[in-house]
There are 2 protein chains.
Amino acid sequence: MRVIFDEELKAVADDLDRMVQDVRKAINGAGNALLNSDLEAAQAVIDGDIEIDALESSVIDQCVKLLAKQNPVATDLRVVVSTLRLAATFERMGDLARHIAETARRTYPQSPLTDDAKQLFTEMQEFLTMTADRMVAMLQDRNTAIAEQVIVDDDKLDALHQKTFDLMLSDEWQGTKQQLIDLVLLGRYMERLGDHAVSAARRVVFIVSGFDPSKEPSRDEDGSVY
Amino acid sequence: MRVIFDEELKAVADDLDRMVQDVRKAINGAGNALLNSDLEAAQAVIDGDIEIDALESSVIDQCVKLLAKQNPVATDLRVVVSTLRLAATFERMGDLARHIAETARRTYPQSPLTDDAKQLFTEMQEFLTMTADRMVAMLQDRNTAIAEQVIVDDDKLDALHQKTFDLMLSDEWQGTKQQLIDLVLLGRYMERLGDHAVSAARRVVFIVSGFDPSKEPSRDEDGSVY
């Protein structure tokens with residue numbers, strides 16, 4: 001009985017790995033669409049989101065079957081419950097990447113970004129690309145050291161996000177109202193991607209250590225006035 | 001054994017009911033803060049969010065213990081797994097109400113809303129107040145008819161949300177950049193509150209009917225170009 005459970009747990013873990021890899025691809029593709037006005041990249045992210053949604057359904061189904069058929073205890077139960085949560089987090093990250101790609105597609109061939117906003121959004125994207133790599137790594141090895149880095153470093157993304165507001169509110173700002181709206185939403189999507197990565201990292205810590213990250217404040221507070 | 005399980009399931013259901021009632025209070029309080037510049041209401045929402053977070057932790061703990069101690073099958077398992085998801089949804093709705101309250105607190109004694117935006121945001125708030133009532137009702141009675149209404153009606157909120165963009169982009173718009181930023185974010189928070197209500201409604205349908213709502217498109221698409 002145990003062997004079967006472990007095997008089935010592995011099948012779910014494989015699906016979850018595929019999900020996080022798809023999310024990384026979506027984050028990178030959205031960045032490419034946004035920063036390089038790459039229409040094909042944008043479309044690939046938008047089309048690819050369905051696969052992430054389907055993987056989430058598959059993960060939920062498998063977890064529910066695992067819980068129904070067998071009676072997981074302690075660590076296994078922690079893994080199954082956390083897997084449900086991780087799948088929901090990754091599904092949402094796919095949505096957010098899709099929103100970024102949709103914005104880039106709408107303004108194509110123009111960029112939604114003003115020239116003076118490009119530097120800041122490039123830095124935010126670099127941060128998210130690094131975070132996506134870390135998410136894949138922390139999931140594959142249940143690496144809590146990497147997970148802790150994701151948690152600690154999120155402040156950097158929040159600081160960059162705050163700077164986007166400073167830029168928009170400065171006298172130097174030359175953009176249109178449409179650009180302002182787009183930048184506010186794009187910044188929000190990217191900040192939320194970071195928040196979700198933190199949430200996923202806390203789950204990995206929980207799986208390994210048993211310390212429940214939901215006991216920590218998990219609210220999206222970035223110290224910004226917004 | 002069955003009796004104990006049912007009793008414990010009832011304890012979780014009670015916590016979930018408390019959560020949804022707290023969320024309703026938060027939504028109404030945030031609306032009051034936003035539309036009437038009520039600072040006390042804003043502070044109450046901000047302070048009260050901790051209780052919603054604590055309830056979520058409690059619900060998760062109880063669900064995990066239920067899954068560990070006993071082996072729920074079929075309907076019971078569906079309820080436990082859905083309860084985990086509902087708790088996460090309500091926790092997030094508390095965050096969003098808090099963001100609205102924080103925005104109102106920051107601009108106090110001024111409203112973050114321009115005069116010509118007030119009507120639209122009042123209508124959005126009225127919609128959310130109705131939705132919050134429906135959420136409480138659908139949870140208490142597992143009422144799928146009400147849940148279906150929540151799902152169907154979300155388009156109305158999305159249409160109002162779209163109108164906020166139309167207003168901001170119109171030549172009549174007289175607001176500052178700060179007001180534009182605040183309105184974009186406030187609109188987004190309110191639209192997301194509606195999306196989460198839909199997600200909760202789908203869970204209720206799933207609990208009652210066994211039809212898995214995750215098989216439906218659950219993406220936050222509002223037909224808007226944003």
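Below, chain A is the first sequence line, B the second, and so on; all start at residue 1.
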What closest approach, in Å, do B:K177 and A:M168 show between heavy atoms, and which atom pair accounts for it? NZ-O, 2.9 Å
Can you give me the closest heavy-atom contact between B:Q178 and A:L169, atom names plus distance? OE1-CD1, 3.5 Å
Where on A:T164 is there a heavy atom nearer than 4.5 Å to chain B: the side chain, the backbone, both, or neither? neither
Does any non-hydrogen side-chain atom of A:I60 lie less than 4.5 Å from one of B:R85? yes
For A:V81, which atoms come within 4.5 Å of any heavy atom of chain B: side chain, backbone, both, or neither? side chain
CZ (A:R192) and CZ (B:R192) are apart, to the nearest 0.5 Å, by 8.0 Å
What one should report as the nearest heavy-atom pair of B:V64 and A:L77 is O-CD2, 3.3 Å
Can you tell me which of B:L84, B:V184, B:T176 forms the most heavy-atom pairs within a distance under 4.5 Å of chain A? B:V184
Under 4.5 Å from any heavy atom of chain A - which part of B:S170: backbone
Assess whether atom CD of A:E51 is packed by more than 12 heavy atoms of other residues, nucleotides or ligands within 6.0 Å. no
How far does CG of B:L185 sit from CD1 of A:I181, to the nearest 0.5 angstrom? 11.0 Å
In Å and rounded to the nearest 0.5 Å, what is the CG to CG distance from A:L180 to B:L180? 4.5 Å
